[in-house]
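Down below is the structure, laid out as structure tokens.
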Amino acid sequence: MNDVSEISYAEAIKDAMAIALQADERVFLMGEDIGVYGGAFQVTGDLVHRFGEDRVIDMPISELAGAGVAVGAAVNGLRPILEFQFSDFAALAMEQIANQAAKMRYMLGGEVSVPVVMRFPSGSGTGAAAQHSQSLEAWFGHVPGLKVVQPSTPYDAKGLLLAALEDPDPVMIFEHKLLYKVKGEVPEGHYTVPIGKAAVVLEGRDLTIVASSIMVPRALDAAGELARQGVSAEVIDLRTIRPLDRETIVKSVCKTHRLLCVYEGVKTLGIGAEVSASVVESEAFDFLDAPIVRLGGAESPIPYNPELEKAAVPQKENIIDAALALASGVR
Amino acid sequence: MTGYFKQQASPENLDDRPFAIRHYSADRLKDALYRMHLIRRFEESAEDCYMRGLIHGTMHLSIGQEASAMGACMSLTPDDQITSTHRGHGHCIAKGADVARMFAEFFGRQTGYCKGRGGSMHIADVAGGNLGANGIVAGGIPIAVGAAMANKRLHPGRVVVSFFGDGANNEGAFHESLNMASVWKLPVIFVCENNGYGMSTSTARSTAVEHIATRAGGYNMPAGIVDGNNFSDVTEAMQPALRRARTGGGPSLLECKTYRWRGHSKSDRNLYRTKEEIQQWQRKDPIARFESSLLEYGIATQHQIQQTADRVEGDIERAIDYAKESPQPSVKDLLKYVYTEQQTP
Ligand SMILES: Cc1ncc(C[n+]2csc(CCOP(=O)(O)OP(=O)(O)O)c2C)c(N)n1
Ligand SMILES: [Mg+2]
């Protein structure tokens with residue numbers, strides 16, 4: 001058994017990258033200011049000093065070409081990890097991600113694989129306003145050919161990144177900026193967390209809260225309060241949104257009969273819609289005792305004002321209120 | 001041709017024959033002629049199949065541009081790679097693809113290069129070094145740079161040639177890619193086939209500089225302009241670019257001035273140009289010019305040229321038969337190749 005230590009989410013990601021750089025010559029990192037600067041969120045940190053400028057590459061501020069270069073390098077046998085400075089800047093690279101990386105294997109009849117990993121610091125809560133705070137994972141989740149993960153803990157952040165590097169297809173990792181400093185137990189050395197598998201992180205009886213990314217710790221906090229009020233919540237961490245682990249969701253709802261879905265991305269046409277549909281399209285439909293509730297981001301850009309910003313995405317209190325209303329019949 | 005790209009005739013024998021005639025064996029030159037005919041007849045036949053409803057979708061023909069495709073690929077090894085464009089049949093054939101598998105792809109068959117999933121606009125031959133045509137203008141350029149980056153590490157000496165049109169030079173991907181390739185000195189050659197138009201829009205109306213080669217200055221890389229309808233000139237201009245790429249010097253940009261005889265795609269009514277303009281360029285037929293050069297320098301006889309054309313005719317016929325007889329992909333495999341098949345542990 002590996003030793004376990006308390007490290008932050010950012011350190012866990014860096015640890016995964018260091019392990020990969022050490023173990024596999026083909027792995028390299030590319031991004032803006034990821035070298036001596038250490039990355040906008042200090043995720044790559046000192047890796048450039050350990051692995052050199054040929055493996056930790058500062059690239060020009062050229063997101064589109066950066067993504068394309070990563071795709072070409074992946075097709076030709078390297079294992080690039082491309083860091084976006086902010087997930088919002090993926091908009092500049094969407095061509096290469098959605099039209100090239102995602103489709104190349106299919107268009108070419110299976111003649112190539114595109115084992116590229118892209119990391120996107122995302123989410124609100126930093127006061128960075130509308131163009132540096134979005135949660136865009138659902139955009140990517142809509143594209144066959146991509147895999148999309150959202151780690152919520154240091155353990156998963158490391159394990160999912162190492163799994164992404166072993167995956168032959170493009171994996172998009174949405175990291176939450178507010179989680180970077182959060183600490184958790186992380187085993188040393190190599191391990192993976194399977195892509196495509198959700199986790200039941202808290203077992204409960206009365207309702208299922210399906211959450212992703214930062215909404216997982218918020219849902220767990222809320223569940224503590226709910227327990228004090230006599231409501232037993234089961235919390236599922238989606239971890240991957242494409243491919244979605246419908247089985248785990250359906251199984252839980254069959255047990256609890258109630259579903260609350262919490263995510264930071266804009267509420268409509270997003271993760272909540274897909275999770276809800278998965279339930280109503282399944283045998284769990286017959287078990288539902290109440291309408292499904294979605295808690296998602298407001299139908300607005302992320303505002304600058306701190307109170308407005310908080311109001312734009314689900315907070316612990318919103319989760320508690322929604323859960324209590326949803327579970328009102330059971331107490 | 002600008003200085004950097006012009007080869008010196010060797011001073012000893014003061015040989016003033018065109019570069020290609022001096023540089024390549026007679027067999028290789030005849031093979032180049034064969035391939036140029038093959039491109040022309042492949043596209044004419046594909047067009048014919050399209051008109052007869054045997055091929056669906058659309059296609060972009062490069063008829064009139066054969067010398068730039070063939071010239072740029074002439075000194076590539078099988079291990080060198082290319083990325084191509086929506087107008088990519090010529091590049092594919094010039095890089096060595098089998099026209100039977102190309103036709104099979106156009107017919108949507110399982111035996112096609114992309115197993116019927118790609119069609120004309122995504123024609124590729126990965127094993128032969130063609131990473132694919134592209135439905136997105138300038139889409140292949142960054143990929144070529146990335147492929148070159150991997151080659152620099154894993155297969156030093158290998159070169160990637162990225163073909164694109166004049167229209168692509170106004171995309172951000174072009175500018176970002178040239179800059180990145182130059183900063184990192186990557187073994188890639190950017191080959192712009194400037195046929196004067198992006199769909200209906202002339203370069204004069206779309207591009208702030210007269211020559212796309214001028215753009216290279218902003219990225220500190222050598223650039224050349226050649227008559228893209230002159231096979232020898234294209235092969236000649238490729239030499240210093242290849243040398244530079246293979247020896248770690250970095251990228252170059254080559255602009256081939258050429259012209260497409262056909263409309264942009266199957267829906268073009270040619271309202272933006274005159275018949276006279278088209279005819280004027282047809283008088284500069286790259287294949288006819290190459291043939292006269294082969295005749296003039298005694299590389300091939302009229303009889304041999306005729307034999308080449310006849311051989312192409314037979315090969316095209318057999319290729320179409322192969323495509324027609326090839327199996328359709330199974331609908332149950334619709335989702336195959338979205339992701340890489342993995343053994344479940
Ligand atoms: C990003 C993008 N924009 C527009 C188009 C539509 N389109 C396809 S080809 C083309 C013209 C391209 O011109 P050029 O690069 O000169 O190539 P040519 O067709 O002349 O070979 C256009 C506008 C596209 N496929 N992709
Ligand atoms: Mg053009």
Side-chain angles (χ1 to χ4, degrees), chain A residues 25-26 28 30 54-55 57-80 82 92-93 95-96 98-116 143-147 166-171 194-196 242-243, chain B residues 81 83 105 110 112-119 121-127 131-136 138-151 153-155 158 160 162 171-181 183-184 186 188 329 335-342 345:
Chain A
E25 283 271 297
R26 300 170 305 167
F28 71 97
M30 213 170 113
D54 285 345
R55 310 281 306 281
I57 302 173
D58 271 332
M59 69 175 209
I61 307 170
S62 304
E63 289 80 8
L64 172 57
V69 165
V71 171
V75 167
N76 255 5
L78 294 180
R79 288 283 178 158
L82 179 68
L92 287 90
E95 197 289 285
Q96 283 292 329
N99 289 329
Q100 312 292 343
K103 296 176 173 55
M104 199 162 172
R105 178 173 177 78
Y106 194 83
M107 294 187 299
L108 272 49
E111 293 295 315
V112 296
S113 287
V114 188
V116 66
V143 184
L146 301 180
K147 296 182 181 178
E166 287 177 4
D167 199 286
D169 298 313
V171 182
I195 293 171
R242 182 179 196 94
Chain B
Q81 293 171 306
T83 63
E105 187 58 35
Q110 188 65 26
Y113 272 111
C114 310
K115 305 193 180 69
R117 270 71 167 178
M121 207 146 44
H122 301 297
I123 195 70
D125 169 16
V126 176
L131 293 176
N134 214 302
I136 305 294
I141 306 177
I143 295 175
V145 176
M149 179 195 226
N151 285 341
R153 257 165 224 235
L154 303 176
H155 308 288
R158 276 189 201 174
V160 184
S162 183
E171 289 282 7
F174 165 85
H175 293 273
E176 293 184 19
S177 298
L178 261 69
N179 181 62
M180 231 181 252
V183 168
W184 293 338
L186 296 178
V188 54
L335 300 185
K336 211 169 169 181
Y337 313 124
V338 175
Y339 296 102
T340 306
E341 299 70 31
Q342 293 180 79

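Proteins get letters first, then strands, A, B, ... in listed order; numbering begins at 1 in each. None of these values were measured; they are calculated from a predicted model.
The part of B:Ala124 that comes within reach of chain A is its side chain, from C-beta onward, which places non-hydrogen atoms under 4.5 angstrom from that chain. Of the two parts of A:Met30, only the side chain, counted from C-beta on, holds a non-hydrogen atom closer than 4.5 Å to a non-hydrogen atom of chain B. Contacts of A:Glu63 with chain B are made by backbone atoms alone, with heavy-atom separations under 4.5 Å and no side-chain atom involved. The contact between A:Gln96 and chain B is made entirely by side chain atoms (from C-beta outward), counting heavy-atom distances below 4.5 Å.
Each of B:Leu131, B:Asn179, B:Asn134 has some count of heavy-atom pairs under 4.5 Å with chain A, and the biggest count is that of B:Asn134. Comparing B:Gln81, B:Met121, B:Met180 by heavy-atom pairs within less than 4.5 Å of chain A, the highest count is held by B:Met180. Ranking B:Gly135, B:Ser177, B:Gly139, B:Gly118 against chain A, the residue ahead of the rest is B:Gly139, based on heavy-atom pairs under 4.5 Å. Note on B:His155, B:Glu341, B:Gln110: by heavy-atom pairs under 4.5 Å with chain A, the leading option is B:Glu341. Ranked by heavy-atom pairs under 4.5 Å with chain A, the first of B:Ala138, B:Cys114, B:Gly112 is B:Cys114. Among B:Ile136, B:Val126, B:Val145, the residue with the largest count of heavy-atom pairs under 4.5 Å with chain A is B:Ile136.
In terms of modelled atom types and a separation under 3.5 Å, the side chain of B:Tyr113 and the main chain of B:Gly119 share no donor-acceptor contact. Formation of a donor-acceptor pair under 3.5 Å by the A:Arg242 side chain with backbone atoms of A:Lys147 is not found in this model. Counting only distance, with no hydrogens or angles, the side chain of A:Arg26 and the backbone of B:Leu154 share no donor-acceptor pair below 3.5 Å.
In this structure A:Phe28 satisfies the ring-ring contact (aromatic ring centres under 6.0 Å, His included) test with no other residue, sequence neighbours excluded. With sequence neighbours left out, A:Ser62 forms a side-chain hydrogen bond (donor to acceptor under 3.5 Å, both in side chains) with no residue at all.
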- [ ] Please lay out, stage by stage, how A:Asn76 and B:Met149 fare under the test side-chain contact (heavy atoms from CB on, under 4.5 Å).
- [x] CA-CA 9 Å; A:Asn76 255 5; B:Met149 179 195 226; over 6 Å; no
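Heavy atoms of other residues, nucleotides or ligands lying less than 6.0 angstrom from CD1 of A:Ile61 number 12 at most.
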